[in-house]
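One structure below.
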Amino acid sequence: MPRGVYKRVYEVVARVPYGKVVTYGQIARHLGLPKGARLVGWAMRRCPGELPWHRVVNAQGGLSAGAHPGHCPLQRALLEDEGVSFGPDGRVDLATFGWDEI
DNA sequence: GGGCTGACTGACG
DNA sequence: ACGTCAGCCAGCC
């Protein structure tokens, strides 16, 4: 079994298909940590760089990565470029773009 | 080596 | 609908 949970987080994020998004809690639950959504956030914060981090959003479909300066507009731009549309409230429709085959 | 922090979430009042 | 609390793991003082 892999060492840290973060290793699996990166692996899952790397598997997210083009034009789809996943939530932190979704990943956490996939790892067997229903309450470990924060761990995913911790792992993403380190942002290796080669991961499609922009495809990771919060449970509401909002952009949590926007908390870090310079990422909010970028993440939205990257997602829209992949065909992911945002609602009037600035949120992604998880029912449509959510990756449920995790 | 011990304690704090963090890109989150769901439950409760 | 809104504020607060607890829970997870690893890295960094």
Side-chain angles (χ1 to χ4, degrees):
Chain A
M1 40 195 286
R3 280 171 286 167
V5 180
Y6 68 97
K7 192 75 174 183
R8 291 192 260 171
V9 173
Y10 298 147
E11 206 167 323
V12 173
V13 174
R15 279 200 202 118
V16 181
Y18 182 95
K20 293 281 184 178
V21 298
V22 290
T23 69
Y24 294 91
Q26 202 173 351
I27 297 172
R29 195 160 58 196
H30 177 68
L31 301 177
L33 305 166
K35 307 288 190 181
R38 211 161 135 199
L39 276 299
V40 181
W42 166 85
M44 295 307 292
R45 171 182 164 256
R46 303 181 72 278
C47 191
E50 22 213 45
L51 294 175
W53 59 269
H54 55 277
R55 293 182 192 152
V56 183
V57 299
N58 61 28
Q60 322 281 307
L63 308 181
S64 301
H68 285 268
H71 283 189
C72 184
L74 178 59
Q75 182 171 18
R76 177 166 177 151
L78 289 169
L79 289 175
E80 289 186 315
D81 187 55
E82 295 188 354
V84 178
S85 55
F86 286 72
D89 50 358
R91 313 210 171 226
V92 180
D93 182 2
L94 294 175
T96 304
F97 302 103
W99 185 37
D100 46 359
E101 303 181 44
I102 186 170

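So that the names make sense, note that chain A is the first sequence line, chain B the second, and so on, each numbered from 1.
- Closest to the side chain of R46(A), out of dG11(C), dC8(B), dC9(C), is dG11(C).
- Both tests pass for R76(A) against the ring of F86(A): distance under 6.0 Å to the centre and angle within 45° of the axis.
- Using Watson-Crick or G-U wobble geometry with both donor-acceptor distances under 3.5 Å, dC8(C) finds no partner in any strand shown.
- In the set dT9(B), dA10(C), dC9(C), the nucleotide with an atom closest to the side chain of L39(A) is dC9(C).
- We find the CD-CZ distance between Q75(A) and R55(A) to be 11.5 Å, quoted to the nearest 0.5 Å.
- Looking at heavy-atom distances under 4.0 Å, A59(A) makes contact with sugar-phosphate atoms alone, never a base.
- Look at CG on L33(A): it is 15 Å from C1' on dA6(C), rounded to the nearest Å.
- At whole-Å resolution of the value, CZ in R8(A) and C1' in dA10(C) are 14 Å apart.
- When distances run from any side-chain atom of Y6(A) to the nucleotides dG7(C), dC8(B), dG11(C), the shortest one goes to dG11(C).
- In this structure, NZ of K7(A) is placed 13 Å from P of dA10(C), rounded to the nearest angstrom.
- Across all strands shown, dC2(C) pairs with dG13(B); the Watson-Crick or G-U wobble distances both stay below 3.5 Å.
- Annotation: the span from D100(A) atom CG to L94(A) atom CG amounts to 10.5 Å, rounded to 0.5 Å.
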